[in-house]
Number of protein chains: 4
Amino acid sequence: MSQTRERLPAQVAAGSPGAGGSEGSMSSGRPAGAARPPGRPRSERADKAIVEATVDLLAEEGGVAGVSIEAVAARAGVGKTTIYRRWPNKEALIIDALAALKEPFPAPVGASVREDLIAIAQAFVSNKTDKKRLDCYWSIMGGAERYPELMARFTREVIEPRRDVIRTVLRRGVTAGELRPDLDVETALWLIMGALAQRARAFGAGPVPDDFAARVVDALMTGIAAR
Amino acid sequence: MSQTRERLPAQVAAGSPGAGGSEGSMSSGRPAGAARPPGRPRSERADKAIVEATVDLLAEEGGVAGVSIEAVAARAGVGKTTIYRRWPNKEALIIDALAALKEPFPAPVGASVREDLIAIAQAFVSNKTDKKRLDCYWSIMGGAERYPELMARFTREVIEPRRDVIRTVLRRGVTAGELRPDLDVETALWLIMGALAQRARAFGAGPVPDDFAARVVDALMTGIAAR
Amino acid sequence: MSQTRERLPAQVAAGSPGAGGSEGSMSSGRPAGAARPPGRPRSERADKAIVEATVDLLAEEGGVAGVSIEAVAARAGVGKTTIYRRWPNKEALIIDALAALKEPFPAPVGASVREDLIAIAQAFVSNKTDKKRLDCYWSIMGGAERYPELMARFTREVIEPRRDVIRTVLRRGVTAGELRPDLDVETALWLIMGALAQRARAFGAGPVPDDFAARVVDALMTGIAAR
Amino acid sequence: MSQTRERLPAQVAAGSPGAGGSEGSMSSGRPAGAARPPGRPRSERADKAIVEATVDLLAEEGGVAGVSIEAVAARAGVGKTTIYRRWPNKEALIIDALAALKEPFPAPVGASVREDLIAIAQAFVSNKTDKKRLDCYWSIMGGAERYPELMARFTREVIEPRRDVIRTVLRRGVTAGELRPDLDVETALWLIMGALAQRARAFGAGPVPDDFAARVVDALMTGIAAR
DNA sequence: CGTTAACCGAGACGGTACGTCTCGTCTTCAG
DNA sequence: CTGAAGACGAGACGTACCGTCTCGGTTAACG
């Protein structure tokens, strides 16, 4: 309305800051040749702290509603102003913060499809930051109807890349003859991902046992029908 | 502080209302012989409207936070007082309201395990009230850390019965020789339930196709490995 | 803008609630015959706590700027809403709260003008609630240019009544022949009030000695000129 | 933390710039023989403008809270940095700025004590810069509890010198036999100063009439008691 | 003429208060 | 007991300043 906000679209949480850029001389993401804007530059520390606090709260509080700007500010040790200077509202902040979870997933190339799948599945349910990702997943999915854009972006940038890793392994398996030639890859994906996500959230059933990933993969590989 | 609340523990949403009870004159479940409490009896219409509104909101708003007593009252056409007289707080209301989703699931006994599984799966993702149940599932799971009791009760009273139906079918299949004798029933359960729940929530991928249930069951039956 | 505020102009801090009204049947300041408005009535406890907190803060913080609605709410143990329901903004609140300091000042009728004046003066600088009044006086006068209405009302309702008491005593003294027949009453008023107010604020000079009032009155009575 | 501030303690607002010093070549108060510090010297224009703006704001806004560094900078046509380089915080600035009001008060030596007192009193309430002084007086006294140091210093450096002038005149009067030999000088001081200060602030009573000073002095001289 | 440092402008920082809003709870009324 | 109405305390919202701090670019004096 009468704001000088949105100086530049935050360019936040760059993840892999890209190539071996010579940080310092040319510094943060401004198009080459553009003059540094006047005034004190925005603090990268604040950027990071805000995004991290947001993600943590989203994971812990279990829902977009549990993430209040005030809580984010308090947890990040930052003034509310500093947040509003960068994002116009809560939803925008969360959408951007999700990018912090993008970090690429290394596709393991092991001896066999089975081993690869188990390794990936293992990571999903045991790895520390993947655990936070999973909490965010449930938080966002729970409120999906209210924040469709949020879900869309999270799906596109975080979920799909992970599904892609498995998809690739499955396709490789088909090509290599390890998997059935008429395999319905997408259905298999739903099966394996669904089992992992759901089991990880089923607190009542206790922590996920170490061999759960292997059991899931094996059951899926051999099928349940008698032969 | 100075309340006469909690006259009886609500005895709400009786599920299958049972028998041909003469609604009106003698009404709700008081043990025979117990004297009717003095004063105007509580309205069963209100009870039902409140519970239904609660469940609807939980499904639609996607989260416990989205269910406000205010909204429930408005949607049920009821005063906030009327709700407050029956339940001490929001969580109690939701916990009780979930009982409305308990309605037993008929285990089909068809020609084969495969057909039974497909029928059950079909119901999960296509049936109207099962859809609402699924929405509630995601809403509750999303905020599970904040309301563990809620999740526990929902799991116990709504989820488990449904898992039990499948569990029974699987066991029958093993006994009948249709399924592998060494079948890991629990793992198979996670696979099938996870796939259905997750696919139903993946709005981006479009509505669940009619043959999805069959594809899931078949994939799981035959396995994905080449033979 | 879109408010239902200002149901009735607060009718706050009634001071002497007037006559021996039969509190209970007809209760708080609503014109006879007017129906009680629906809904929960406003809390008189809150009214009082807010006004008292406001006056205290004004006296302690030394200035209108030091009185923040949030501080008032916190000190009164009241939600901000409860304040805003009654007054549209800070200035209105303070203006109204000043009425709490109105409480009439009893004009003593002693043996002589001198004794009366000393008694009054004594009260001004030693009495507890008159001390608070004096603090408010300085707070308001300090910011007089910014809040002229505040000063005007405070002068009219709190200061002038007190000046009137002295004025009356002085006039009585003239009539009785105790004071000079050509006495300039107003100038004498400025002298006595000014001395008291200023001395009370001069922290550096230590607390006001007990005989200060007497010394002031005597000096003024006899004059400083040699005779 | 990493500041080079406080190069020299401001040495600001020299008041009577002292003698007919050859401003320009050797300029402001550095001890003779001390080498001029390197770099661009601080602007005296800025010094003066800042101090003046501060005093003006204090007088106009009626309170320490009304003096914001931002407003001072704007009014002085100076960057906030420039202020911050000289004073560590707002209170220090105001304390220093008050020195600008120190300017000595010439004690008139007229025909009689009465005439001297009237002349001084006249100056207090009519003189232009003394008016500003008076406004500052009220501003500071209003917030005295919050900024005791401010009040202490203002009292010591601005108020007391003025009281001293009157004190001297009164003492001279006693010695000369014009005033009562047993005169309580301090009490007389409170009376005369209080009357002037208070009347000057009483906007409601209109501007101070020209003969007010004379009326006050006369009333005090002759006393109010009949004889 | 180059070094040095103060200058000004601009804007980000953490903080506090604003006035508005919605929520869960509580209280009173009329029926 | 019911519904309506509305007050209560709590606390988040997004805005506006404040005092402080940190930059870039400029300007004045010294060597």
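Residue numbers start from 1 in every chain, and the chains themselves are labelled A, B, ... in the order their sequence lines are given, proteins ahead of strands.
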Rounded to the Å, how far apart are A:E91 CD and F:dG14 P? 11 Å
If I take atom CZ in residue A:R45 and atom C1' in nucleotide E:dG14, what distance separates them, rounded to the nearest angstrom? 12 Å
Examine F:dG9: is either OP1 or OP2 under 4.0 Å from a nitrogen or oxygen in the side chain of C:T82? Give yes or no. yes
Taking atom P of F:dA5 as reference, at what distance in whole Å does atom CZ of C:R42 sit? 17 Å
Length of the CD-P vector between B:E61 and E:dT22, whole Å: 14 Å
Specify the residue among B:V67 and C:S68 whose closest nucleotide of DNA chain E lies further upstream toward the 5′ end. C:S68
Run the side-chain donor-acceptor check on residues 62-72 of chain D: report pairs under 3.5 Å with partners two or more places apart or on a different chain.
from, atom 1, to, atom 2, distance (Å)
D:S68, OG, D:A71, N, 3.0
D:E70, OE2, D:K80, NZ, 3.0

Got a sec, which residues hit side chain to side chain donor-acceptor pair (under 3.5 Å) with C:R75, two or more places apart in sequence or on another chain? C:E60
Sequence neighbours excluded, which residues qualify as side chain to side chain contact (heavy atoms under 4.5 Å, CB included) partners of A:A59? A:K132, A:D135, A:C136
Any side-chain N or O of C:R86 below 4.0 angstrom from OP1/OP2 of F:dC8? yes
Which of E:dG19, F:dG14, F:dG3 is nearest the side chain of B:R85? It is F:dG3
What residues 69-81 of chain C contributes to the DNA chain E interface at heavy-atom separation below 4.0 Å is C:I69, C:E70, C:K80, C:T81
First encountered from the 5' end of DNA chain E, between B:K90 and D:A46: D:A46
Which whole-number value in Å describes the distance from A:R40 CZ to E:dG11 P? 14 Å
Excluding sequence neighbours, so at least two apart, what forms side chain to side chain contact (heavy atoms under 4.5 Å, CB included) with A:A74? none
Whole angstroms only, please: what is the OH-C1' distance between C:Y84 and F:dG9? 15 Å
Any Lys/Arg nitrogen of A:D47 or A:R42 sitting under 4.0 Å from an Asp/Glu carboxylate oxygen of the other? no
Check C:S139 against C:L58 and note the closest heavy-atom contact, atom names and distance. OG-O, 2.8 Å
With sequence neighbours excluded, tell me which residues meet side chain to side chain contact (heavy atoms under 4.5 Å, CB included) with D:S43. D:R45, D:A46
Rounded to whole angstroms, how far apart are CG on B:L57 and P on E:dG24? 11 Å
To the nearest Å, how far apart are D:K48 NZ and E:dC7 P? 15 Å
